[in-house]
J.: 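My structure is below; once you've seen it, I'll send some questions.
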Protein chains: 2
Amino acid sequence: MGVTKTDNQQLKVREKIDKILLDKASNENCCPVKDILGRFGDKWSIYTILMLGRKETLRFNELKTLISGISQRMLTVTLRSLEEDGLVKRTIYPEIPPRVEYELTALGHSLLLKLLELADWAKLNIHQIIEAREVYAGKKSH
Amino acid sequence: MGVTKTDNQQLKVREKIDKILLDKASNENCCPVKDILGRFGDKWSIYTILMLGRKETLRFNELKTLISGISQRMLTVTLRSLEEDGLVKRTIYPEIPPRVEYELTALGHSLLLKLLELADWAKLNIHQIIEAREVYAGKKSH
DNA sequence: CAGGATCCAGCAAGATACTG
DNA sequence: CAGTATCTTGCTGGATCCTG
């Protein structure tokens with residue numbers, strides 16, 4: 001034998017990584033992961049997706065109130081990029097005063113689920129990370 | 001009845017979101033997800049983690065070669081922040097010429113797995129997203 | 001009410017030169 | 001070899017004013 005279960009897992013992981021890196025080559029200059037993560041790696045996208053996940057639809061100023069600290073411009077920019085990626089649907093009602101409603105698309109909902117999984121990881125390990133940061137800070141000042 | 005399976009799923013999702021947002025309140029000013037995502041949402045962290053996932057250990061210049069386009073400074077900064085969070089272990093061998101080896105910690109490996117899951121989502125949906133972008137671009141110029 | 005346009009500050013990130 | 005230090009720049013994101 002000589003091949004443990006851990007070794008096998010390792011091999012699978014490396015295979016997967018290689019696949020992703022291959023995709024990168026086939027695409028222009030960026031692997032999908034990086035592209036996607038780049039999208040919601042910004043300051044507000046995650047909050048926005050989470051907030052939209054809590055209700056069916058939300059209006060612009062409702063979102064602005066829910067996402068504390070966001071500026072008008074950033075909310076507009078964030079919503080536009082999410083809309084552009086097909087994660088958020090924007091519906092304009094030609095009324096006076098104007099009304100615009102935002103909601104997650106099916107794609108947006110499926111991303112939301114993945115984000116929640118990642119959130120679980122984060123919640124599970126946040127203490128380890130914080131601890132590591134303290135250790136690191138301690139070593140630095142030693 | 002009147003409560004479909006979809007409704008139940010929706011409720012669970014919203015519950016989960018609420019939990020995350022509560023954590024945000026208990027922490028300083030940031031939910032764990034955002035904190036964590038902020039870390040590897042930058043330009044190079046993901047590549048670095050992926051590359052480190054392919055080998056046991058890697059030296060500074062090996063990494064620099066593997067991650068095409070990264071500058072010396074950015075590699076240093078990226079590795080330091082990953083080390084600070086306890087995702088990467090840095091071992092210095094006091095030789096001449098100096099040798100420094102980097103490897104993923106257990107925590108780093110567990111994050112790698114989650115990143116690969118996200119990568120799967122990205123690979124599965126990248127075409128939908130690209131299509132959405134084209135539709136959006138088409139609408140804009142219409 | 002929803003958001004477009006503009007201006008500006010601050011930080012992220014690149015290039016270059018130097019060091020233990 | 002594996003960085004650090006410094007300078008410079010480009011873009012993110014904020015504030016403000018304006019419009020359909």
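Residue numbers start from 1 in every chain, and the chains themselves are labelled A, B, ... in the order their sequence lines are given, proteins ahead of strands.
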J.: Measure the spacing between CD of B/Glu62 and CD1 of B/Ile67 and express it to the nearest 0.5 Å.
T.: 11.5 Å
J.: Compare side-chain N and O positions of B/Tyr102 against OP1 and OP2 of D/dC1 and report whether any pair is under 4.0 Å apart.
T.: no
J.: Counting only side-chain N and O atoms of A/Arg59, is one of them less than 4.0 Å from OP1 or OP2 of C/dA2?
T.: yes
J.: Run A/Val88 and A/Tyr102 through side-chain contact (heavy atoms from CB on, under 4.5 Å) and show every step you take.
T.: CA-CA 7 Å; A/Val88 162; A/Tyr102 296 91; 3.9 Å; yes
J.: Over how many whole Å does the gap from B/Phe60 atom CZ to D/dG3 atom P extend?
T.: 5 Å
J.: Check whether any side-chain heavy atom of B/Leu52 lies under 4.5 Å from a side-chain heavy atom of B/Leu63, and answer yes or no.
T.: yes
J.: By nearest atom, which of the nucleotides C/dG3, D/dG3, D/dG13 is closest to the A/Asp42 side chain?
T.: D/dG13
J.: Yes or no on side-chain contact (heavy atoms from CB on, under 4.5 Å) for A/Asp120 and B/Lys16, after CA distance, side-chain angles and deciding distance?
T.: CA-CA 9 Å; A/Asp120 278 339; B/Lys16 239 181 172 179; 3.2 Å; yes
J.: Expressed as a whole number of angstroms, how long is the span from B/Ile67:CD1 to C/dA13:P?
T.: 14 Å
J.: With heavy-atom distances below 4.5 Å as the criterion, would you say the side chains of B/Leu87 and B/Leu104 are in contact?
T.: no
J.: Considering only heavy atoms, which members of residues 73-93 of chain A lie under 4.0 Å from some atom of DNA chain C?
T.: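 Per residue number, the list reads A/Arg73, A/Thr76, A/Arg80, A/Arg90.
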J.: In whole angstroms, how far is the P atom of C/dT19 from the CD1 atom of B/Ile96?
T.: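 After rounding, the gap between these two atoms is 17 Å.
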J.: Any heavy-atom pair between the side chains of A/Glu101 and A/Tyr93 that's under 4.5 Å?
T.: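 The answer is yes; the side chains approach within 4.5 Å.
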J.: Check the distance between D/dG3's C1' and B/Glu95's CD and give it to me in whole angstrom.
T.: 16 Å
J.: State the CD1-OH distance between A/Ile70 and A/Tyr47, to the nearest 0.5 angstrom.
T.: 10.5 Å
J.: Drop me the distance from B/Leu50's CG to A/Arg14's CZ, to the nearest 0.5 angstrom.
T.: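 Going from the CG atom of B/Leu50 to the CZ atom of A/Arg14 covers 13.0 Å.
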J.: Both A/Lys43 and A/Pro98 contact DNA chain D. Taking the nearest nucleotide for each, which residue is further toward the 5' end?
T.: A/Lys43
J.: A/Trp44 CH2 to D/dT12 C1': how many Å, rounded?
T.: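 Rounding to the nearest Å, CH2 of A/Trp44 and C1' of D/dT12 are 12 Å apart.
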J.: In chain order, what residues pass the salt bridge (Lys or Arg N to Asp or Glu O under 4.0 Å) check against B/Glu95, with sequence neighbours excluded?
T.: B/Arg99
J.: Would you mind reading off the distance between B/Ile70 atom CD1 and C/dA12 atom C1', rounded to a whole angstrom?
T.: 13 Å
J.: How many Å lie between CG on B/Leu58 and P on D/dG3, as a whole number?
T.: 13 Å
J.: Using rotation axes that map the C1' atoms of four end pairs onto the next four (five pairs an end), what angle separates the end axes of the helix from C/dC1-D/dG20 to C/dG20-D/dC1, to 10°?
T.: 50°
J.: To the nearest angstrom, how far is A/Glu101 atom CD from C/dA2 atom P?
T.: 10 Å
